[in-house]
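What you see below is based on every heavy atom in this structure, not just the backbone, and it leaves out hydrogens, waters and symmetry mates. For clarity, every value in this text was computed on a predicted model and none was experimentally measured.
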Amino acid sequence: METGSPDNTGAAGTAKATRDDPVWTGLPPGLLRMRRLLLVVWLGLLTLAAGLLPGLFLGPAWAVLALLPLGLAVWGWAMLERNWRSWRYAERADDLLISRGVLWREETVVPYGRMQLVEVTSGPVERHFGLASVQLHTAAAATDATIPGLDPAEAERLRDRLTELGEARSAGL
């Protein structure tokens, strides 16, 4: 767990976290493994197609085209980790914070009283890797938020907690 700024050094580098600082939770490494496997599979197939087909039909010199998707795979490998590290969430007293983004940082604040629906979803690839996503729906479509790649037990715990807090906060509306 990390507290404070995205660089894991606290609110002001060496300063201690105050009581008001959110306690951030990062995503589990299984999401990074899943995304990297998908990258290798799809760009591996593209590398084979880009090298094999032109090499057979146009001549061996055209097999150099395979270097393009191979280079993209190497670049994507590093970018996936940067993106994975940027995702985090924090449960506060009145709302849920979700932070993400490498170049363009995005922080979504979802007040518990505004939540209408909290879903836990898991597709076949996610299930294979033991992952689930939590999706929050509010009345305003712009504030819908998703936390991908959670452990299913954590996703269910978060769903139950958010639902409970949402019901308690919306009772007065």
* Asked: With a cut-off of 6.0 Å (strictly less than), are more than 12 heavy atoms of other residues, nucleotides or ligands near CZ of Arg82?
  ->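 At most 12 heavy atoms, drawn from other residues, nucleotides or ligands, come within 6.0 Å of this atom.
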Spell out, yes or no, whether [X] and [Y] are grouped together once hydrophobic residues are joined by side-chain heavy atoms under 4.5 Å, including indirect joins.
X	Y	answer
Trp84	Trp42	yes
Val120	Val125	yes
Val110	Leu117	no
Val74	Leu72	no
Trp77	Val102	no

Shortest non-hydrogen contact from [X] to [Y]?
X	Y	answer
Trp87	Pro148	CZ3-CD, 3.4 Å
Gly149	Leu131	O-CD2, 3.5 Å
Ala73	Leu39	O-CD2, 3.5 Å
Val23	Ala90	O-CB, 3.4 Å
Asp95	Tyr112	O-OH, 3.1 Å
Pro28	Asp151	CG-N, 4.1 Å

* To do: Would you confirm whether Arg105, through its side chain, and Gly101, through its main-chain N or O, come within 3.5 Å as a donor-acceptor pair?
  =>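 Yes: the side chain of Arg105 pairs with the backbone of Gly101.
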* Check for a donor-acceptor pair, side chain of Arg127 on one end and backbone N or O of Ser122 on the other, with a separation under 3.5 Å. =>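 Such a contact is found between Arg127 side chain and Ser122 backbone.
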Distance check, rounded to the nearest 0.5 Å: [X] atom [atom1] versus [Y] atom [atom2]?
X	Y	atom1	atom2	result
Leu31	Asn83	CG	CG	8.5 Å
Gln116	Thr138	CD	OG1	6.5 Å
Tyr89	Leu150	OH	CG	5.0 Å
Trp75	Leu43	CH2	CG	10.5 Å
Leu97	Trp24	CG	CH2	4.5 Å
Arg92	Leu165	CZ	CG	13.5 Å

* Would you call Glu164 and Arg161 a salt bridge, taking side-chain N to carboxylate O under 4.0 Å as the test? ->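 Salt bridge flag = no for Arg161 with Glu164.
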* Any luck finding a side-chain donor-acceptor pair between Thr108 and Arg100 under 3.5 Å? ->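 A donor-acceptor contact under 3.5 Å links the two side chains.
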